[in-house]
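Each chain gets a letter, A, B and so on, in the order its sequence line appears, and its residues count up from 1. What's counted below: heavy atoms across the whole structure, side chains too, no hydrogens, waters or symmetry copies.
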Number of protein chains: 2
Amino acid sequence: MANRSDTKTRILDAAEKLFAERGFSETSLRLITSKAEVNLASVNYHFGSKKELIRAVLARYLDRFMPEASNAVVQLKQGSEPSLNEIFSSLVKPLLELNKFKADGTRTFLQLLGRGYIESQGHLRWFITTHYGEHLSEFVKAVAESAPHIPPAEMFWRLHFTLGTVVFTMASADALTEIAEADFNEHNDIEAVIRKVIPYLAAGVAVPVTTQ
Amino acid sequence: MANRSDTKTRILDAAEKLFAERGFSETSLRLITSKAEVNLASVNYHFGSKKELIRAVLARYLDRFMPEASNAVVQLKQGSEPSLNEIFSSLVKPLLELNKFKADGTRTFLQLLGRGYIESQGHLRWFITTHYGEHLSEFVKAVAESAPHIPPAEMFWRLHFTLGTVVFTMASADALTEIAEADFNEHNDIEAVIRKVIPYLAAGVAVPVTTQ
DNA sequence: CTCTGATTTAAACGTGCGTTTAAATTAAAC
DNA sequence: GTTTAATTTAAACGCACGTTTAAATCAGAG
(Lines give C-alpha, C1' and ligand atoms only; values in the text may rest on other atoms or scores of the structure.)
Protein backbone atom coordinates (compact mmCIF):
# COMPACT_ATOMS: atom_id res chain seq x y z
CA MET A 1 0.00 0.00 0.00
CA ALA A 2 1.23 3.48 -0.85
CA ASN A 3 2.57 5.86 1.75
CA ARG A 4 -0.02 7.22 4.08
CA SER A 5 0.85 9.76 6.71
CA ASP A 6 -2.35 9.04 8.61
CA THR A 7 -1.36 5.55 9.68
CA LYS A 8 -1.22 6.63 13.31
CA THR A 9 -4.72 8.07 13.11
CA ARG A 10 -6.09 5.00 11.36
CA ILE A 11 -4.66 2.84 14.13
CA LEU A 12 -6.07 5.08 16.87
CA ASP A 13 -9.50 5.14 15.24
CA ALA A 14 -9.71 1.39 14.85
CA ALA A 15 -8.22 0.74 18.28
CA GLU A 16 -10.56 3.01 20.23
CA LYS A 17 -13.62 1.42 18.68
CA LEU A 18 -12.47 -2.11 19.41
CA PHE A 19 -11.12 -1.29 22.87
CA ALA A 20 -14.46 0.28 23.82
CA GLU A 21 -16.47 -2.66 22.48
CA ARG A 22 -14.38 -5.60 23.75
CA GLY A 23 -11.89 -4.29 26.28
CA PHE A 24 -8.15 -3.91 25.99
CA SER A 25 -6.83 -7.39 26.63
CA GLU A 26 -9.54 -8.93 24.46
CA THR A 27 -8.49 -6.83 21.48
CA SER A 28 -5.45 -8.05 19.57
CA LEU A 29 -3.11 -5.89 17.54
CA ARG A 30 -3.87 -8.15 14.61
CA LEU A 31 -7.56 -7.27 14.81
CA ILE A 32 -6.82 -3.58 15.15
CA THR A 33 -4.41 -3.43 12.23
CA SER A 34 -6.70 -5.46 9.98
CA LYS A 35 -9.65 -3.14 10.69
CA ALA A 36 -7.37 -0.14 10.18
CA GLU A 37 -5.95 -1.70 7.00
CA VAL A 38 -2.37 -1.13 8.09
CA ASN A 39 0.50 -3.49 8.68
CA LEU A 40 0.73 -5.31 11.99
CA ALA A 41 4.21 -3.97 12.76
CA SER A 42 3.14 -0.36 12.36
CA VAL A 43 1.66 -0.31 15.86
CA ASN A 44 5.02 -1.04 17.41
CA TYR A 45 6.71 1.32 14.98
CA HIS A 46 4.45 4.28 15.77
CA PHE A 47 3.51 3.62 19.38
CA GLY A 48 6.23 1.32 20.72
CA SER A 49 3.94 -1.20 22.38
CA LYS A 50 0.31 -2.12 22.90
CA LYS A 51 0.38 -0.53 26.33
CA GLU A 52 1.45 2.81 24.89
CA LEU A 53 -1.22 2.53 22.21
CA ILE A 54 -3.84 2.18 24.94
CA ARG A 55 -2.52 5.30 26.64
CA ALA A 56 -2.55 7.21 23.36
CA VAL A 57 -6.17 6.22 22.71
CA LEU A 58 -7.23 7.41 26.15
CA ALA A 59 -5.17 10.57 25.98
CA ARG A 60 -6.74 11.65 22.71
CA TYR A 61 -10.13 11.82 24.43
CA LEU A 62 -8.96 13.07 27.80
CA ASP A 63 -7.04 15.94 26.18
CA ARG A 64 -10.26 17.12 24.60
CA PHE A 65 -12.65 16.44 27.44
CA MET A 66 -10.79 17.38 30.59
CA PRO A 67 -10.01 21.04 29.85
CA GLU A 68 -13.51 21.65 28.52
CA ALA A 69 -15.09 19.98 31.52
CA SER A 70 -13.11 21.82 34.15
CA ASN A 71 -13.68 25.03 32.23
CA ALA A 72 -17.42 24.45 32.29
CA VAL A 73 -17.35 23.88 36.04
CA VAL A 74 -15.22 26.96 36.68
CA GLN A 75 -17.51 29.13 34.59
CA LEU A 76 -20.54 27.76 36.36
CA LYS A 77 -19.07 28.78 39.69
CA GLN A 78 -18.77 32.39 38.48
CA GLY A 79 -22.50 32.60 39.12
CA SER A 80 -23.84 31.95 42.61
CA GLU A 81 -23.67 28.58 44.36
CA PRO A 82 -24.53 26.01 41.70
CA SER A 83 -26.55 23.01 42.74
CA LEU A 84 -25.29 19.45 42.35
CA ASN A 85 -27.69 18.99 39.48
CA GLU A 86 -26.23 22.03 37.77
CA ILE A 87 -22.66 20.86 38.30
CA PHE A 88 -23.33 17.44 36.82
CA SER A 89 -25.33 19.02 34.02
CA SER A 90 -22.42 21.27 33.14
CA LEU A 91 -20.54 18.16 32.00
CA VAL A 92 -23.18 17.29 29.44
CA LYS A 93 -22.02 19.79 26.86
CA PRO A 94 -18.33 18.78 27.02
CA LEU A 95 -19.41 15.16 26.77
CA LEU A 96 -21.60 15.77 23.75
CA GLU A 97 -18.84 17.84 22.13
CA LEU A 98 -16.98 14.54 21.74
CA ASN A 99 -19.60 13.51 19.21
CA LYS A 100 -18.34 16.29 16.96
CA PHE A 101 -14.80 14.95 17.17
CA LYS A 102 -15.92 11.42 16.31
CA ALA A 103 -19.24 9.71 15.62
CA ASP A 104 -20.43 8.13 18.88
CA GLY A 105 -17.49 9.79 20.61
CA THR A 106 -19.36 10.31 23.87
CA ARG A 107 -20.19 6.68 24.32
CA THR A 108 -16.77 5.55 23.16
CA PHE A 109 -15.07 7.82 25.68
CA LEU A 110 -17.19 6.67 28.60
CA GLN A 111 -16.74 3.03 27.71
CA LEU A 112 -12.98 3.42 27.39
CA LEU A 113 -12.96 5.09 30.78
CA GLY A 114 -14.83 2.19 32.33
CA ARG A 115 -12.72 -0.48 30.68
CA GLY A 116 -9.59 1.33 31.70
CA TYR A 117 -10.58 1.66 35.31
CA ILE A 118 -11.46 -1.98 35.62
CA GLU A 119 -8.77 -3.62 33.51
CA SER A 120 -5.72 -1.57 34.28
CA GLN A 121 -5.47 -2.48 37.96
CA GLY A 122 -5.27 1.15 39.06
CA HIS A 123 -2.89 2.27 36.35
CA LEU A 124 -5.47 4.43 34.57
CA ARG A 125 -6.48 6.04 37.83
CA TRP A 126 -2.85 7.03 38.37
CA PHE A 127 -2.54 8.23 34.78
CA ILE A 128 -5.60 10.45 35.03
CA THR A 129 -4.84 11.94 38.41
CA THR A 130 -1.24 12.73 37.49
CA HIS A 131 -1.98 14.13 34.02
CA TYR A 132 -5.33 15.81 34.63
CA GLY A 133 -5.27 16.32 38.37
CA GLU A 134 -5.91 20.07 38.28
CA HIS A 135 -8.90 19.64 35.99
CA LEU A 136 -10.30 16.84 38.10
CA SER A 137 -9.97 18.69 41.36
CA GLU A 138 -11.96 21.63 39.97
CA PHE A 139 -14.88 19.27 39.58
CA VAL A 140 -14.39 17.53 42.90
CA LYS A 141 -14.05 20.87 44.67
CA ALA A 142 -17.27 22.15 43.14
CA VAL A 143 -19.17 19.03 44.14
CA ALA A 144 -17.78 19.13 47.68
CA GLU A 145 -18.70 22.78 48.10
CA SER A 146 -22.16 22.10 46.83
CA ALA A 147 -22.70 19.32 49.38
CA PRO A 148 -20.81 20.61 52.43
CA HIS A 149 -22.66 18.25 54.75
CA ILE A 150 -20.81 15.24 53.25
CA PRO A 151 -17.41 14.49 54.83
CA PRO A 152 -14.49 14.16 52.37
CA ALA A 153 -14.01 10.42 52.87
CA GLU A 154 -17.69 9.79 52.26
CA MET A 155 -17.59 12.02 49.20
CA PHE A 156 -14.67 9.99 47.83
CA TRP A 157 -16.82 6.88 47.91
CA ARG A 158 -19.87 8.56 46.47
CA LEU A 159 -17.96 10.02 43.58
CA HIS A 160 -16.69 6.56 42.73
CA PHE A 161 -20.20 5.16 43.02
CA THR A 162 -21.13 7.88 40.54
CA LEU A 163 -18.31 6.96 38.20
CA GLY A 164 -19.49 3.36 38.31
CA THR A 165 -23.05 4.26 37.47
CA VAL A 166 -22.04 6.37 34.49
CA VAL A 167 -19.48 3.98 33.13
CA PHE A 168 -21.58 0.86 33.45
CA THR A 169 -24.68 2.54 32.08
CA MET A 170 -22.87 3.84 29.03
CA ALA A 171 -21.17 0.52 28.41
CA SER A 172 -24.56 -1.22 28.26
CA ALA A 173 -26.51 1.70 26.86
CA ASP A 174 -27.10 -0.07 23.55
CA ALA A 175 -28.75 -3.07 25.13
CA LEU A 176 -30.66 -0.95 27.63
CA THR A 177 -32.14 1.46 25.10
CA GLU A 178 -33.24 -1.55 23.04
CA ILE A 179 -35.01 -3.11 26.01
CA ALA A 180 -36.55 0.22 27.01
CA GLU A 181 -37.93 0.65 23.51
CA ALA A 182 -39.34 -2.88 23.38
CA ASP A 183 -40.81 -2.93 26.89
CA PHE A 184 -41.91 0.68 27.33
CA ASN A 185 -42.03 2.04 23.77
CA GLU A 186 -39.65 4.75 24.90
CA HIS A 187 -36.81 5.83 22.66
CA ASN A 188 -33.65 7.23 24.27
CA ASP A 189 -30.50 8.53 22.60
CA ILE A 190 -27.29 8.93 24.54
CA GLU A 191 -28.18 12.45 25.62
CA ALA A 192 -31.53 11.31 26.99
CA VAL A 193 -29.80 8.65 29.08
CA ILE A 194 -27.31 11.18 30.42
CA ARG A 195 -30.18 13.47 31.43
CA LYS A 196 -31.92 10.59 33.17
CA VAL A 197 -28.90 9.62 35.19
CA ILE A 198 -28.04 13.09 36.50
CA PRO A 199 -30.88 13.41 39.05
CA TYR A 200 -30.15 9.86 40.21
CA LEU A 201 -26.49 10.70 40.79
CA ALA A 202 -27.14 14.05 42.40
CA ALA A 203 -29.59 12.53 44.86
CA GLY A 204 -27.17 9.78 45.87
CA VAL A 205 -24.20 12.09 46.28
CA ALA A 206 -26.10 14.53 48.48
CA VAL A 207 -28.15 12.17 50.64
CA PRO A 208 -27.40 12.82 54.34
CA VAL A 209 -25.00 10.38 55.98
CA THR A 210 -26.82 8.11 58.42
CA THR A 211 -25.07 6.78 61.49
CA GLN A 212 -27.44 3.95 62.19
CA MET B 1 0.08 -37.20 43.97
CA ALA B 2 -2.24 -39.69 45.59
CA ASN B 3 -5.92 -39.83 44.81
CA ARG B 4 -7.90 -36.98 46.22
CA SER B 5 -11.62 -36.80 45.81
CA ASP B 6 -11.62 -33.07 46.53
CA THR B 7 -9.82 -32.10 43.36
CA LYS B 8 -12.94 -30.35 42.05
CA THR B 9 -13.24 -28.31 45.22
CA ARG B 10 -9.57 -27.41 45.24
CA ILE B 11 -9.92 -26.14 41.67
CA LEU B 12 -13.06 -24.14 42.46
CA ASP B 13 -11.46 -22.59 45.53
CA ALA B 14 -8.31 -21.53 43.74
CA ALA B 15 -10.22 -20.38 40.65
CA GLU B 16 -12.72 -18.16 42.44
CA LYS B 17 -9.97 -16.37 44.33
CA LEU B 18 -7.94 -15.68 41.19
CA PHE B 19 -10.97 -14.84 39.05
CA ALA B 20 -12.13 -12.28 41.60
CA GLU B 21 -8.68 -10.71 41.91
CA ARG B 22 -7.61 -10.58 38.27
CA GLY B 23 -10.66 -11.27 36.11
CA PHE B 24 -11.49 -14.34 34.08
CA SER B 25 -9.50 -13.87 30.92
CA GLU B 26 -6.45 -12.71 32.85
CA THR B 27 -6.39 -15.92 34.89
CA SER B 28 -4.85 -18.96 33.19
CA LEU B 29 -5.67 -22.57 33.96
CA ARG B 30 -1.99 -23.10 34.64
CA LEU B 31 -2.08 -20.50 37.41
CA ILE B 32 -5.25 -21.98 38.87
CA THR B 33 -3.99 -25.55 38.89
CA SER B 34 -0.62 -24.60 40.32
CA LYS B 35 -2.26 -22.70 43.20
CA ALA B 36 -4.67 -25.60 43.69
CA GLU B 37 -1.77 -28.08 43.50
CA VAL B 38 -3.56 -30.26 40.99
CA ASN B 39 -2.68 -31.32 37.49
CA LEU B 40 -3.39 -28.93 34.63
CA ALA B 41 -5.54 -31.45 32.77
CA SER B 42 -7.84 -32.01 35.73
CA VAL B 43 -9.77 -28.84 34.96
CA ASN B 44 -10.83 -30.17 31.58
CA TYR B 45 -11.45 -33.59 33.06
CA HIS B 46 -13.75 -32.37 35.82
CA PHE B 47 -15.31 -29.29 34.21
CA GLY B 48 -14.92 -29.77 30.48
CA SER B 49 -13.58 -26.32 29.68
CA LYS B 50 -12.51 -23.05 31.22
CA LYS B 51 -15.88 -21.51 30.35
CA GLU B 52 -17.73 -24.19 32.28
CA LEU B 53 -15.35 -23.74 35.20
CA ILE B 54 -16.29 -20.05 35.28
CA ARG B 55 -19.97 -20.94 35.34
CA ALA B 56 -19.40 -23.48 38.11
CA VAL B 57 -17.58 -20.89 40.19
CA LEU B 58 -20.43 -18.39 39.79
CA ALA B 59 -23.15 -20.97 40.32
CA ARG B 60 -21.65 -22.11 43.61
CA TYR B 61 -22.22 -18.62 45.00
CA LEU B 62 -25.48 -17.82 43.22
CA ASP B 63 -27.06 -21.06 44.43
CA ARG B 64 -26.38 -20.00 47.96
CA PHE B 65 -27.14 -16.31 47.67
CA MET B 66 -30.19 -16.06 45.41
CA PRO B 67 -32.66 -18.15 47.41
CA GLU B 68 -31.59 -16.54 50.67
CA ALA B 69 -31.86 -13.06 49.17
CA SER B 70 -35.32 -13.47 47.70
CA ASN B 71 -36.40 -15.15 50.92
CA ALA B 72 -35.21 -12.17 52.92
CA VAL B 73 -37.18 -9.80 50.68
CA VAL B 74 -40.33 -11.89 50.88
CA GLN B 75 -40.10 -12.11 54.65
CA LEU B 76 -39.52 -8.37 54.90
CA LYS B 77 -42.76 -7.75 53.02
CA GLN B 78 -44.68 -9.81 55.60
CA GLY B 79 -44.37 -6.76 57.84
CA SER B 80 -45.77 -3.43 56.71
CA GLU B 81 -44.50 -1.48 53.72
CA PRO B 82 -40.71 -1.71 53.88
CA SER B 83 -38.71 1.35 52.83
CA LEU B 84 -36.19 1.24 50.00
CA ASN B 85 -33.40 1.38 52.53
CA GLU B 86 -34.88 -1.60 54.31
CA ILE B 87 -35.22 -3.57 51.10
CA PHE B 88 -31.61 -2.96 50.08
CA SER B 89 -30.49 -3.61 53.64
CA SER B 90 -32.29 -6.94 53.70
CA LEU B 91 -29.68 -8.17 51.24
CA VAL B 92 -26.84 -7.49 53.63
CA LYS B 93 -27.39 -10.57 55.78
CA PRO B 94 -27.53 -13.00 52.83
CA LEU B 95 -24.40 -11.34 51.49
CA LEU B 96 -22.54 -11.67 54.78
CA GLU B 97 -23.70 -15.28 55.13
CA LEU B 98 -21.31 -16.00 52.28
CA ASN B 99 -18.45 -15.31 54.66
CA LYS B 100 -19.46 -18.41 56.60
CA PHE B 101 -19.26 -20.50 53.46
CA LYS B 102 -15.79 -19.20 52.64
CA ALA B 103 -13.40 -16.68 54.15
CA ASP B 104 -13.96 -13.35 52.37
CA GLY B 105 -16.85 -14.95 50.51
CA THR B 106 -18.90 -11.77 50.32
CA ARG B 107 -16.17 -9.79 48.66
CA THR B 108 -15.31 -12.66 46.35
CA PHE B 109 -18.93 -13.07 45.25
CA LEU B 110 -19.47 -9.39 44.55
CA GLN B 111 -16.21 -9.10 42.67
CA LEU B 112 -17.04 -12.17 40.61
CA LEU B 113 -20.41 -10.63 39.83
CA GLY B 114 -18.78 -7.39 38.77
CA ARG B 115 -16.13 -9.10 36.67
CA GLY B 116 -18.76 -11.33 35.13
CA TYR B 117 -21.07 -8.51 34.12
CA ILE B 118 -18.26 -6.52 32.57
CA GLU B 119 -16.31 -9.28 30.88
CA SER B 120 -19.00 -11.61 29.65
CA GLN B 121 -20.65 -9.24 27.14
CA GLY B 122 -24.17 -9.83 28.47
CA HIS B 123 -23.81 -13.57 28.86
CA LEU B 124 -23.91 -13.41 32.66
CA ARG B 125 -27.03 -11.25 32.54
CA TRP B 126 -28.74 -13.95 30.51
CA PHE B 127 -27.45 -16.70 32.78
CA ILE B 128 -28.75 -15.00 35.92
CA THR B 129 -32.16 -14.00 34.57
CA THR B 130 -32.84 -17.46 33.15
CA HIS B 131 -31.58 -19.41 36.16
CA TYR B 132 -32.64 -17.12 38.97
CA GLY B 133 -35.43 -15.06 37.39
CA GLU B 134 -38.07 -15.80 40.01
CA HIS B 135 -35.72 -14.79 42.81
CA LEU B 136 -34.79 -11.61 40.97
CA SER B 137 -38.33 -10.50 40.31
CA GLU B 138 -39.21 -10.73 43.98
CA PHE B 139 -36.64 -8.05 44.58
CA VAL B 140 -37.68 -5.88 41.64
CA LYS B 141 -41.33 -6.09 42.68
CA ALA B 142 -40.54 -5.02 46.22
CA VAL B 143 -38.54 -2.03 45.04
CA ALA B 144 -41.27 -0.91 42.64
CA GLU B 145 -43.94 -1.15 45.32
CA SER B 146 -41.78 0.82 47.70
CA ALA B 147 -41.38 3.71 45.23
CA PRO B 148 -44.79 3.91 43.55
CA HIS B 149 -44.18 7.48 42.37
CA ILE B 150 -41.55 6.25 39.89
CA PRO B 151 -43.02 5.15 36.53
CA PRO B 152 -42.00 1.65 35.40
CA ALA B 153 -39.84 2.89 32.53
CA GLU B 154 -37.95 5.24 34.81
CA MET B 155 -37.57 2.47 37.40
CA PHE B 156 -36.10 0.22 34.72
CA TRP B 157 -33.34 2.74 34.12
CA ARG B 158 -32.71 3.40 37.79
CA LEU B 159 -32.38 -0.26 38.65
CA HIS B 160 -29.76 -0.56 35.96
CA PHE B 161 -28.00 2.52 37.28
CA THR B 162 -28.02 0.71 40.62
CA LEU B 163 -26.62 -2.45 39.12
CA GLY B 164 -23.86 -0.39 37.54
CA THR B 165 -22.93 1.22 40.82
CA VAL B 166 -22.72 -2.10 42.61
CA VAL B 167 -20.91 -3.96 39.88
CA PHE B 168 -18.33 -1.28 39.21
CA THR B 169 -17.73 -0.58 42.87
CA MET B 170 -17.22 -4.21 43.72
CA ALA B 171 -14.98 -4.87 40.76
CA SER B 172 -12.69 -2.08 41.94
CA ALA B 173 -13.34 -2.48 45.64
CA ASP B 174 -9.79 -3.54 46.47
CA ALA B 175 -8.23 -0.55 44.76
CA LEU B 176 -10.76 1.84 46.30
CA THR B 177 -10.32 0.60 49.86
CA GLU B 178 -6.57 0.96 49.43
CA ILE B 179 -6.89 4.58 48.31
CA ALA B 180 -9.40 5.35 51.04
CA GLU B 181 -6.94 4.02 53.59
CA ALA B 182 -4.03 5.97 52.15
CA ASP B 183 -5.88 9.27 51.62
CA PHE B 184 -8.29 9.30 54.55
CA ASN B 185 -6.76 6.76 56.95
CA GLU B 186 -10.11 5.06 56.88
CA HIS B 187 -10.19 1.29 56.79
CA ASN B 188 -13.23 -0.29 55.14
CA ASP B 189 -14.03 -3.95 54.93
CA ILE B 190 -16.55 -5.14 52.40
CA GLU B 191 -19.45 -4.74 54.82
CA ALA B 192 -18.55 -1.10 55.39
CA VAL B 193 -18.61 -0.46 51.64
CA ILE B 194 -21.98 -2.19 51.32
CA ARG B 195 -23.42 -0.06 54.09
CA LYS B 196 -22.05 3.06 52.46
CA VAL B 197 -23.57 2.31 49.08
CA ILE B 198 -27.10 1.49 50.25
CA PRO B 199 -28.23 5.02 51.14
CA TYR B 200 -26.70 6.29 47.92
CA LEU B 201 -28.65 3.75 45.87
CA ALA B 202 -31.90 4.22 47.76
CA ALA B 203 -31.78 7.99 47.34
CA GLY B 204 -31.14 7.75 43.62
CA VAL B 205 -33.85 5.20 42.98
CA ALA B 206 -36.50 7.17 44.83
CA VAL B 207 -35.69 10.75 43.77
CA PRO B 208 -38.75 12.36 42.15
CA VAL B 209 -38.73 12.50 38.37
CA THR B 210 -38.16 16.03 37.13
CA THR B 211 -39.62 17.26 33.85
CA GLN B 212 -37.26 20.21 33.45
C1' DC C 1 18.51 11.86 -10.69
C1' DT C 2 20.64 10.55 -6.33
C1' DC C 3 20.96 10.14 -1.84
C1' DT C 4 18.99 9.77 2.83
C1' DG C 5 15.99 9.05 6.40
C1' DA C 6 11.28 7.69 7.34
C1' DT C 7 7.92 4.37 6.77
C1' DT C 8 5.80 0.06 5.27
C1' DT C 9 6.00 -4.70 4.54
C1' DA C 10 6.28 -9.87 4.99
C1' DA C 11 8.08 -13.08 7.75
C1' DA C 12 9.55 -15.06 11.67
C1' DC C 13 10.47 -15.34 16.76
C1' DG C 14 9.49 -16.85 21.33
C1' DT C 15 5.87 -17.31 24.68
C1' DG C 16 1.77 -18.65 26.89
C1' DC C 17 -2.62 -20.26 26.24
C1' DG C 18 -6.74 -23.95 26.36
C1' DT C 19 -7.12 -28.42 25.14
C1' DT C 20 -6.14 -33.33 24.02
C1' DT C 21 -3.86 -37.65 24.36
C1' DA C 22 -2.37 -41.95 26.17
C1' DA C 23 -0.16 -44.07 29.72
C1' DA C 24 0.22 -44.56 34.77
C1' DT C 25 -1.96 -44.79 39.00
C1' DT C 26 -5.60 -45.28 42.21
C1' DA C 27 -9.94 -46.97 44.41
C1' DA C 28 -13.70 -50.05 44.47
C1' DA C 29 -16.22 -54.45 43.22
C1' DC C 30 -16.16 -59.07 42.88
C1' DG D 1 -5.99 -61.13 43.99
C1' DT D 2 -7.93 -59.84 39.82
C1' DT D 3 -10.64 -56.95 37.21
C1' DT D 4 -12.73 -52.62 36.11
C1' DA D 5 -13.67 -47.92 35.99
C1' DA D 6 -12.32 -43.49 37.66
C1' DT D 7 -8.80 -40.36 38.19
C1' DT D 8 -4.22 -38.37 37.83
C1' DT D 9 -0.20 -37.49 35.31
C1' DA D 10 3.37 -35.82 31.89
C1' DA D 11 3.72 -34.54 27.50
C1' DA D 12 2.43 -32.68 23.46
C1' DC D 13 -0.72 -30.24 20.18
C1' DG D 14 -2.23 -26.31 17.58
C1' DC D 15 -3.15 -21.66 17.96
C1' DA D 16 -3.00 -16.71 18.84
C1' DC D 17 -0.51 -13.32 20.84
C1' DG D 18 3.00 -9.08 21.17
C1' DT D 19 7.20 -8.12 19.37
C1' DT D 20 11.36 -8.03 16.38
C1' DT D 21 13.88 -8.25 12.19
C1' DA D 22 15.58 -7.02 7.76
C1' DA D 23 14.43 -5.97 3.35
C1' DA D 24 11.46 -3.16 0.34
C1' DT D 25 9.36 1.09 -0.59
C1' DC D 26 8.49 5.77 -0.17
C1' DA D 27 9.01 11.06 0.17
C1' DG D 28 11.78 15.02 0.32
C1' DA D 29 16.31 17.58 -0.14
C1' DG D 30 20.39 18.64 -2.60
Side-chain angles (χ1 to χ4, degrees), chain A residues 1-60 112 115-116 118-121 123-124 127, chain B residues 1-60 112 115-116 118-121 123-124 127:
Chain A
M1 184 161 287
N3 171 63
R4 212 176 32 220
S5 64
D6 57 343
T7 299
K8 280 183 78 162
T9 305
R10 295 177 65 85
I11 293 172
L12 286 171
D13 289 347
E16 74 173 34
K17 188 172 187 304
L18 293 165
F19 284 155
E21 283 171 4
R22 339 161 104 248
F24 301 108
S25 70
E26 304 287 337
T27 304
S28 69
L29 296 186
R30 281 168 174 81
L31 182 58
I32 293 170
T33 52
S34 82
K35 293 273 183 196
E37 295 179 304
V38 301
N39 187 273
L40 167 62
S42 59
V43 172
N44 289 280
Y45 177 76
H46 285 287
F47 296 94
S49 68
K50 184 180 180 181
K51 204 164 192 170
E52 289 171 82
L53 170 62
I54 294 174
R55 288 210 310 183
V57 165
L58 287 166
R60 196 162 63 143
L112 288 172
R115 300 279 188 191
I118 289 152
E119 275 195 39
S120 76
Q121 204 77 5
H123 177 268
L124 175 64
F127 178 74
Chain B
M1 184 161 287
N3 170 61
R4 212 175 33 216
S5 64
D6 57 342
T7 298
K8 282 183 77 161
T9 304
R10 296 177 64 86
I11 293 171
L12 287 171
D13 289 348
E16 73 173 33
K17 187 171 188 304
L18 293 165
F19 284 155
E21 283 171 3
R22 340 160 104 247
F24 300 109
S25 70
E26 304 287 337
T27 303
S28 70
L29 297 186
R30 281 169 175 80
L31 181 57
I32 293 170
T33 51
S34 81
K35 293 274 184 194
E37 295 180 302
V38 302
N39 187 273
L40 168 61
S42 58
V43 170
N44 290 279
Y45 176 77
H46 284 287
F47 297 95
S49 68
K50 183 181 180 179
K51 203 165 192 169
E52 290 172 81
L53 171 61
I54 294 173
R55 288 210 310 184
V57 165
L58 285 166
R60 196 163 62 143
L112 288 171
R115 301 278 187 191
I118 289 154
E119 276 195 38
S120 76
Q121 203 76 5
H123 177 268
L124 177 62
F127 178 73

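When distances are taken from the side chain of B/N39 to each of C/dT8, D/dA10, C/dT19, the shortest belongs to D/dA10.
Between A/T7 and C/dT8, a side-chain N or O to OP1/OP2 separation shorter than 4.0 Å is present. The side chain of A/S28 places no N or O atom within less than 4.0 Å of a non-bridging phosphate oxygen (OP1 or OP2) of D/dA16. Here A/H46 reaches the OP1 or OP2 of C/dT8: one of its side-chain N or O atoms lies under 4.0 Å away.
Residue-level contact check: B/T27 touches the backbone only, with heavy atoms under 4.0 Å from sugar-phosphate atoms and none from bases. B/S25 comes within 4.0 angstrom of nothing in the nucleic acid, heavy atoms only.
In this structure, B/L29 atom CG and D/dT8 atom C1' are separated by 16 Å, rounded to whole Å. Here D/dC17 presents its P atom at 10 Å from CD1 of A/I32, a figure rounded to the nearest Å. Rounded to whole angstrom, the span from the CG atom of A/N44 across to the C1' atom of D/dC17 amounts to 12 Å. Between the CZ atom of A/R22 and the C1' atom of D/dC17 there is a distance of 14 Å, given to the nearest Å. Rounded to whole angstrom, the span from the NZ atom of A/K50 across to the C1' atom of D/dT20 amounts to 17 Å. If you measure from atom CD1 of B/I11 to atom P of D/dT9, you get 10 Å, rounded to the nearest angstrom. Atom CG in B/L53 sits roughly 12 Å away from atom C1' in C/dG18 (whole-Å rounding). Straight-line distance from the CZ atom of B/F47 to the P atom of D/dT7: 12 Å, rounded to whole Å.
Looking only at distances, no side-chain donor or acceptor of B/K35 sits under 3.5 Å from a matching main-chain atom of B/K17.
Electrostatic pairing of B/R60 and B/D13 counts as a salt bridge here, judged by a charged N lying under 4.0 Å from a carboxylate O.
Of the two residues contacting DNA chain C, namely A/L40 and A/Y45, the nearest-nucleotide position lying further toward the 5' end is that of A/Y45.
Counting distance only, with no hydrogens placed and no angle test, the side-chain atoms of B/R30 and the base atoms of C/dG16 include no donor-acceptor pair under 3.5 Å.
Of all heavy-atom pairs between A/N39 and A/T33, the closest is O-CG2, 3.6 Å. Residues A/V57 and A/L112 share a closest heavy-atom pair of CG1-CD1, 3.8 Å.
Proximity of A/F19 to A/R115: side-chain heavy atoms (C-beta onward) are nowhere separated by under 4.5 Å.
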